[in-house]
Novice: 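This is the structure I have questions about; it appears just below.
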Amino acid sequence: MRMGLVTIVVDDYDEAIGFFVGALGFELVEDSPSLTNDGRPKRWVVVRPPGAETGVLLARADGERQAGAVGNQVAGRVGFFLQVDDFDAAYERMTAAGVEFVTSPRTEEYGRVAVFLDIAGNRWDLLGPA
């Protein structure tokens with residue numbers, strides 16, 4: 001068993017792709033035209049960290065309820081965890097790319113960590129070895 005995808009609801013496909021690919025260094029795995037259940041056009045957009053099996057489906061908000069979830073998919077908690085081998089290099093690269101960190105890097109017993117916001121405003125942990 002494995003998890004294939006997790007969804008993040010976003011306002012705009014292209015801005016989200018730019019953030020995840022450009023700022024975080026993910027790979028664009030798929031960007032295909034698709035249709036909603038009632039036949040309206042949408043896109044199937046999947047990104048993932050290089051070498052990862054689990055991807056992120058970037059889903060554009062459709063309707064008020066989904067728009068209300070943008071940036072608040074896990075009720076303001078850290079809900080996503082990006083593990084890197086070289087914490088300092090990743091932190092510097094992401095900061096230079098304009099990623100907003102809401103905490104300074106700190107060392108915990110499990111490693112180095114800093115909280116950042118994705119393009120939608122969801123909180124992520126950047127995690128690396130101590």
Novice: Does Arg112 have more than 12 heavy atoms from other residues, nucleotides or ligands lying within 6.0 Å of its CZ?
Specialist: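 More than 12 within 6.0 Å, yes.
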
Novice: Does any N or O in the side chain of Gln73 come within less than 3.5 Å of the main-chain N or O of Val9, such that one atom is a donor and the other an acceptor?
Specialist: yes

Novice: Would a hydrophobic clustering, with Ile, Leu, Val, Met, Phe, Trp and Tyr connected at side-chain separations under 4.5 Å, put Val115 with Phe80?
Specialist: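 Not linked; separate clusters.
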
Novice: State, with a plain yes or no, whether a side-chain heavy atom of Leu127 is found less than 4.5 Å away from one of Tyr110.
Specialist: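 Contact flag for Leu127/Tyr110 side chains = yes.
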
Novice: Starting from Leu126, can I reach Ile119 by hopping between I/L/V/M/F/W/Y residues whose side chains sit under 4.5 Å apart?
Specialist: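 Result: yes, single cluster for both.
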
Novice: Can you check whether Tyr91 reaches Val99 side chain to side chain, under 4.5 Å on heavy atoms?
Specialist: no

Novice: Verify, without hydrogens or angle tests, whether Arg93 (side chain) and Ala23 (backbone) share a donor-acceptor contact under 3.5 angstrom.
Specialist: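 The answer is yes, because a donor-acceptor pair under 3.5 Å joins these two groups.
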
Novice: Are there more than 12 heavy atoms of other residues, nucleotides or ligands under 6.0 Å from atom CZ of Arg106?
Specialist: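 Counting other residues, nucleotides and ligands, CZ of Arg106 exceeds 12 neighbours.
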
Novice: Any salt bridge between Arg43 and Asp14, counting N to O under 4.0 Å?
Specialist: yes

Novice: Any side-chain heavy atom of Asp118 within less than 4.5 Å of one from Phe20?
Specialist: yes

Novice: If every non-hydrogen atom of Leu57 is compared with every non-hydrogen atom of Val46, which pair is closest and at what distance?
Specialist: CD1-CG2, 4.1 Å

Novice: Hey, quick one: are Val29 and Ile17 part of the same hydrophobic cluster, counting side-chain heavy atoms closer than 4.5 Å, chains of contacts allowed?
Specialist: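 No; tracing contacts between hydrophobic side chains, which count when under 4.5 Å, never links both residues.
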
Novice: Take the angle between the ring planes of Trp124 and Phe116 and call it parallel below 30°, perpendicular above 60°, tilted in between.
Specialist: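 Because their plane-to-plane angle is under 30°, the rings of Trp124 and Phe116 count as parallel.
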
Novice: Give a yes or no on whether Glu64 atom CD has more than 12 heavy-atom contacts from other residues, nucleotides or ligands under 6.0 Å away.
Specialist: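 For Glu64, atom CD is not crowded (no more than 12 foreign heavy atoms under 6.0 Å).
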
Novice: Are Leu82 and Leu117 connected in a single hydrophobic cluster, I mean Ile/Leu/Val/Met/Phe/Trp/Tyr linked by side-chain heavy atoms less than 4.5 Å apart?
Specialist: no

Novice: If two hydrophobic side chains count as joined below 4.5 Å and joins carry through other members, does Val56 share a cluster with Leu5?
Specialist: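 No, no single cluster joins them.
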
Novice: If I compare all heavy atoms of Leu24 with all of Met94, which pair ends up nearest, and what's the gap?
Specialist: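 Distance-wise, the nearest heavy atoms are CD2-CE, 3.4 Å.
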
Novice: Donor-acceptor pair, distance only, cut-off 3.5 Å: does the side chain of Thr107 make one with the backbone of Ala130?
Specialist: no

Novice: Tell me, do Arg123 and Val102 make a side-chain contact under 4.5 Å, heavy atoms counted?
Specialist: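 In contact.
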
